[in-house]
*Asks:* 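First the structure, which I've put down as structure tokens, then a few questions once you've had a look.
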There are 2 protein chains.
Amino acid sequence: MTISTQAPRRTRIQQEKRELILEAALEVFSTNGFRGSTIDQIAEAAGMSKPNLLYYFRRKEDIHETLMERLLETWLAPLRELDDIGDPMTELRSYIRRKLEMARDFPRESRLFANEILQGAPRIMPLLAGELKTLVDEKAAVIKGWMRAGKIARTDPWHLIFSIWATTQHYADFDVQVRAVLGPNRGGDGRFEDAARFLEQLFLDGLKPKG
Amino acid sequence: MTISTQAPRRTRIQQEKRELILEAALEVFSTNGFRGSTIDQIAEAAGMSKPNLLYYFRRKEDIHETLMERLLETWLAPLRELDDIGDPMTELRSYIRRKLEMARDFPRESRLFANEILQGAPRIMPLLAGELKTLVDEKAAVIKGWMRAGKIARTDPWHLIFSIWATTQHYADFDVQVRAVLGPNRGGDGRFEDAARFLEQLFLDGLKPKG
DNA sequence: CTAACGTTTGTCCAATCGGTCAAAATTTGC
DNA sequence: GCAAATTTTGACCGATTGGACAAACGTTAG
């Protein structure tokens with residue numbers, strides 16, 4: 001369990017402004033990284049002066065920290081839902097779908113996370129080696145059970161999870177590249193449905209031609 | 001073809017020092033991004049004073065630009081090698097292997113590229129929509145030919161290429177997370193071989209249990 | 001040896017950085 | 001309506017940023 005941070009009493013304005021700042025900071029941090037972002041940028045994006053922003057968050061790091069705490073919760077939710085009970089192939093398929101939907105609907109969150117990891121995860125390393133590892137190990141065990149039961153092919157469950165993360169988050173983190181390569185036609189709104197179809201087939205059957 | 005930049009005459013010292021700077025800059029840029037990196041950091045990593053560094057590269061951007069130009073060449077080399085002539089399944093398998101080897105041997109280059117894309121590719125957008133798109137379209141056509149010939153399963157060649165990029169580069173860009181989740185045992189030097197085995201199976205057969 | 005050229009350094013600069021502070025403006029509780 | 005509490009702002013601070021520059025130092029060719 002994490003340290004129980006008793007949420008301080010907050011006025012209506014404080015709640016609203018803090019949300020405004022976090023929204024603006026998500027935009028700025030996710031595209032420039034922590035070091036590459038400035039308080040002025042965030043303040044301007046939030047439509048307020050720098051000292052005013054600093055009235056709600058004392059330090060730049062506090063904003064980032066709050067953002068990361070919230071992120072990890074929603075970020076791991078899809079994996080948490082992976083259920084031992086359901087049909088294995090269906091469970092995996094809908095996990096992939098949920099992750100892809102997150103890449104589509106919350107690309108900034110994905111990029112914020114990617115930025116943090118790219119920079120060596122200096123601020124969330126303990127969470128990776130702790131909470132995240134625990135959850136992944138747990139789900140890897142579930143997947144292993146499915147393999148032993150002959151429900152899915154035997155392979156490495158950890159790398160399977162990595163490959164799902166990588167392929168889905170790619171559409172958020174590398175979105176600019178994806179759209180540039182697909183061009184205006186194929187790179188439009190339909191690209192996520194194309195991706196969903198492709199990934200489903202890849203994880204189901206691989207590339208071997210149907211014999 | 002790109003603009004022919006006639007390489008200026010350079011002394012022995014200039015060549016050596018420029019390489020030294022680029023090596024140091026790769027280290028710094030790849031972990032901090034462009035905006036998050038400072039000339040001082042690079043100068044210190046290169047073991048020289050800031051004014052001395054600026055004698056070899058007039059502006060911070062010049063270093064990054066030189067780095068990115070070199071990067072793209074080596075970065076696309078594996079895809080260029082994808083050969084129409086060879087056996088399709090073998091060709092794809094060795095493409096995946098080459099990409100994974102690059103993630104293992106040149107993780108800083110991978111992260112440098114990822115950083116640039118994450119930030120919206122402000123400095124290499126033209127290359128993505130130009131040279132990169134052309135190459136990918138060309139190879140997608142090759143893959144489509146294999147599909148028509150029944151050599152591999154019918155699917156979207158562009159998203160297939162994306163999935164190979166995503167799964168392999170993940171082991172460079174998200175290395176910190178991979179090692180944190182795998183732990184000290186499974187996360188050691190063997191992780192790339194495990195990944196290679198897993199990816200081969202995934203792209204070959206998918207997850208459906210062998211009937 | 002020496003003059004020309006290439007290299008390195010210390011010093012300096014304006015702009016920007018994260019952050020402080022007191023005063024002014026606004027909102028809130030009664 | 002008014003006093004207390006909260007919110008906002010302008011001015012300011014020291015540190016760091018990217019970069020300029022001239023002087024000092026090395027190297028090299030004749």
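Per chain, numbering begins at 1; letters A, B, ... match sequence-line order.
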*Asks:* Between atom CG in A:N52 and atom P in D:dT9, what is the gap in whole Å?
*Replies:* 5 Å

*Asks:* Return the minimal non-hydrogen interatomic distance between A:F29 and A:L67, and the atom names on each side.
*Replies:* CD1-CD2, 3.8 Å

*Asks:* Decide, yes or no, whether a salt bridge links B:E116 with B:R35 under the criterion of side-chain N to carboxylate O below 4.0 Å.
*Replies:* no

*Asks:* Take the protein atom CG of A:L20 and the nucleotide atom P of D:dT7, then report the distance between them rounded to whole Å.
*Replies:* 14 Å

*Asks:* Check whether any side-chain N or O of B:K139 sits under 3.5 Å from a backbone N or O of B:W158 as a donor-acceptor pair, and report yes or no.
*Replies:* no

*Asks:* Under a criterion of less than 4.0 angstrom to any heavy atom of chain B, what are the 5'-terminal and 3'-terminal contacting nucleotides of DNA chain C?
*Replies:* C:dG6 to C:dC17

*Asks:* For B:Q41 and for A:S49, locate the closest nucleotide of DNA chain D by heavy-atom distance; then report the residue assigned to the nucleotide nearer the 5' terminus.
*Replies:* A:S49

*Asks:* Taking the nucleotide of DNA chain C with the nearest heavy atom to each, does A:R58 or A:D40 sit closer to the 5' end?
*Replies:* A:D40

*Asks:* Please answer whether the main-chain N or O of A:T31 pairs with a side-chain N or O of A:R111 as donor and acceptor at a distance below 3.5 Å.
*Replies:* no

*Asks:* Just how far, in rounded Å, is P of D:dG18 from CD1 of B:I39?
*Replies:* 5 Å

*Asks:* Does B:T90 use its side chain to pair, donor to acceptor, with the backbone of B:G86 at less than 3.5 Å?
*Replies:* no

*Asks:* Please tell me whether B:Y171 and A:H159 form a close aromatic pair, meaning their ring centres lie under 6.0 Å apart.
*Replies:* yes

*Asks:* By the 4.0 Å heavy-atom rule, please label B:K17 as base, sugar-phosphate, or nothing.
*Replies:* sugar-phosphate

*Asks:* Identify whether the distance between the nearest side-chain nitrogen and carboxylate oxygen of A:K17 and A:E23 falls below 4.0 Å.
*Replies:* no

*Asks:* Give a yes/no answer on whether the side chain of A:Y55 brings an N or O atom under 4.0 Å of OP1 or OP2 in D:dT8.
*Replies:* no

*Asks:* For a quick check, tell me whether the side chain of B:K50 and the base of D:dG18 share a donor-acceptor pair closer than 3.5 Å.
*Replies:* yes

*Asks:* Expected output is a numbered-order residue list: members of residues 24-36 of chain B with a heavy atom under 4.0 Å from any atom of DNA chain D. What is it?
*Replies:* none

*Asks:* Which listed nucleotide (D:dT8, D:dG19, D:dG10) is nearest to the side chain of A:Y56?
*Replies:* D:dT8

*Asks:* Return the nearest nucleotide to the side chain of A:P51; candidates are D:dA11, D:dG19, D:dT8.
*Replies:* D:dA11

*Asks:* Using 4.0 Å as the upper bound for N to carboxylate O, is an ion pair formed by B:R123 and B:E65?
*Replies:* no

*Asks:* Between atom CG in A:L54 and atom P in D:dC12, what is the gap in whole Å?
*Replies:* 18 Å

*Asks:* Does B:D137 come within less than 4.0 Å of B:K144, counting only side-chain N to carboxylate O?
*Replies:* no

